Amino acid sequence: MTKLWNISKYGIYTLSLKQKNTALELYNKEQKEAITFNGKHLLLLAGAGTGKTKTIVGRAAHLIENGTAAEKIQILTFTKRAASEIVERVKAGIPGRDAQALSGSTFHSWCNQLITSFPNLFGAANYTVIDSDDQLSLMKMACGNEKTGYGKIRIKPQQILDLFSFARNTRINLTETIRIQLHKGKDDSETNEEIEELRPVLELLIKEYQTLKMQQKYLDYDDLLLVVGNRLHKDEEARNILSKAYDYILVDEMQDTNPLQWYLLAPFEKICKLFCVGDDAQSIYSFRGADFQNVHSFTERVSDSEVKKLDKNYRSTQKILDISNWLLQKSPIGYNKKLTAHRGPGKTPVILNVANQFEEANYIAEKILKDFREGGKTFSDFLILSRSQYYTKPLQAVFLQKKIPYETYGGRKFLEAAHIKDVLAILRVINNPLDQIAWMRYLTFIHGIGEVRASSYLREILKLDTSKITGEALSGIIPGPEGGKIKAYYNAVNANKNNVKLAVSSLFKEMELDLALKYAKDWQEKRKGDFPVLEILAEHYSSLGEFITEGILDNSTGLGGTPVLEGSKIKTTENKDHVIISTVHSAKGLEADVCFVLNVSPKTYPSSYSLGSTEEIEEERRVLYVALTRAKNELIITRTTDSLNAHHSNAVTPTQNEEINSAYFLEGLPESLVIQERPQGSFSKSQDAKKANKIDLDFGFDFS
DNA sequence: GGTAGGCACTTTTTT
DNA sequence: AGTGCCTACC
């Protein structure tokens, strides 16, 4: 099965693609030892920039060149992008077909492949994988059916999903999950009473949600892992089958795996050899249940295991590492980590004090253009990192205006865009007629049909035997021109259901006018062009189900770039020279010559949402650490002074303000580590400038 | 009663 | 860019 969702993001890696991975002289002693490790299980602690990815690539190549069949190696990563990068680099290093069968996936996509490959083993066939939007719709349905119980409790469907997902990912029971997530872990009688009141209601709603999923043959993200994990734990036959399928599992970003992922991985300790790579200082996913016990307790949990370390940094110059090291040292947790550069001192990092986001955006744009025109740099030499996707909006506007090509990582995905989902809904319904979420979207897409009427039509549709559902039958249920449209859409796909591309293109022809009407505001400029892309994506799949699921499990097909068609291949801007704008969370593994870290201001680092618990603040610290260590030669940290006078957040008490300032990560930063700058021109020694200097307030902070 | 359209609001991080 | 809430129309 071809996976076109792996459209390469390798633009920035092409230079390193050519090197032969297994030429061991390319590696240092520690890397070599890891690559050629001959024991059973290995945990490799690899600090930022120490050649982690390179070593995984080398390990896979080494195994293949020493006789392991490529299909018996599974590489697991967090994003499809990371997986494809590793796989492509291994393939590039090994001539011929030996490495072609090498598989790299996310945990979720891997589980999906296993479930699909062994339908009898896992007992799931023809299911639909649902994304978070669909989960929310389904949870709303669950809550709607339980109005009595739900009405009393002030908890939103999204919160219920978050609690449930947290519980499943951490494998903690519901009571304790509520305690941790809603009561900050408190264990007193008042808390316990509240928990006892909430828990039964939640349980009821979650059970309803589970039932709805079962009825409609849905699997959500967590289900994918659980289905595989549960089977492996309970069933020896399953373990036997999979032990024949795999000899080695290579896990990237081990520090970000959660107990559910460990639950999935643990049976493989007996089945094959684990090679897990991670860095506890870069653990930034605890909101998703990541637990660095998976790293810290590795040797206790896994018999026949060893730990090795990589700590020589090849990415950054020393002055960039100095500020990164300083940040970690200030932590009350001992990370016991100090990166040393192998590339000399380099340039001192800059802190750029700006008045506001627009000044920040303009400064960055001007610097990039200047370096591009006069400094011999390409756009791909720049990486811009932000705490949140939302914050980069003004920057993107300025880039568009100044014609700086960029690509965003993180944020809304291609297949999550409303107009794409509208079209996919019809495919989904034909793939799985029990898919009520898709039915509702399909029906309410038609002008004149709202939620109420759609529900009643859907009730009629579901009464039909699934084999009796036809375009004709639908127009029998839905009268008038609306029914005619529904029928036409249905037939367009149904007549071509064995040719996904044709299904998509004929459906689009039917829907185009209505789509243009619904999205009149930005149809021509923004949305219309996505459909040729969708058709070409579709071309690479042999069934509707595969197309829908692979799309949902992939996050690499961002909508940020302008997709361009070139022959039969999609070319997106990502293949051209462009700046990368990314959230820190999506930037793991990335690096760039010049790196901007946006808005390192109080309230953002750490985020004011995280104040209150040391664990959360420390996670924020690691987020900043990850950001700082992306830079190879130039690090520019910006900080906005108007974030201090928070007009947007209305009620900040003086005490809170003090807390915000004292928790601020750059507070107390030694002068020698950075150069403070202000943009030239519009920004002079005004009042704003004075505010900028006030950020380093000297408040002590007692973490004990 | 049901639907569509307009307005205001709001955004941590992701599979 | 999406969602929730209100209002005006069928």
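Since we're looking at a predicted model, the values are computed, not measured. Letters A, B, ... are given to chains in the order of the sequence lines, protein chains preceding strands, and every chain is numbered from 1. Side chains included, hydrogens not; waters and symmetry mates left out as well; all remaining heavy atoms used.
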Considering only dA1(C), dT3(B), dG4(C), which nucleotide approaches the side chain of R453(A) most closely? dT3(B)
Starting from the 5' end of DNA chain B, give me the residue, V452(A) or E620(A), whose nearest nucleotide shows up first. V452(A)
By nearest atom, which of the nucleotides dT12(B), dG4(C), dA1(C) is closest to the R387(A) side chain? dT12(B)
Identify whether any heavy atom of S388(A) sits under 4.0 Å from a base atom; if not, whether one sits that close to sugar-phosphate; answer base, sugar-phosphate or nothing. sugar-phosphate
Mind checking if D522(A) touches a base, just sugar-phosphate, or nothing, with heavy atoms under 4.0 Å? sugar-phosphate
Once you round it to whole Å, what is the distance between P of dT12(B) and OH of Y285(A)? 16 Å
OP1 or OP2 of dT14(B) less than 4.0 angstrom from a side-chain nitrogen or oxygen of S586(A), does that happen here? yes
Sugar-phosphate only, base, or nothing, as touched by R622(A) at under 4.0 Å among non-hydrogen atoms: nothing
Sugar-phosphate only, base, or nothing, as touched by Y391(A) at under 4.0 Å among non-hydrogen atoms: nothing
How many angstroms lie between atom OG of S132(A) and atom CD of E416(A), to the nearest 0.5 angstrom? 5.5 Å
Heavy atoms under 4.0 Å, any strand shown: does I449(A) hit a base, just sugar-phosphate, or nothing? sugar-phosphate
Which whole-number value in Å describes the distance from E619(A) CD to dT14(B) P? 12 Å
Below 4.0 angstrom from OP1 or OP2 of dA1(C), is there any side-chain N or O of K421(A)? no
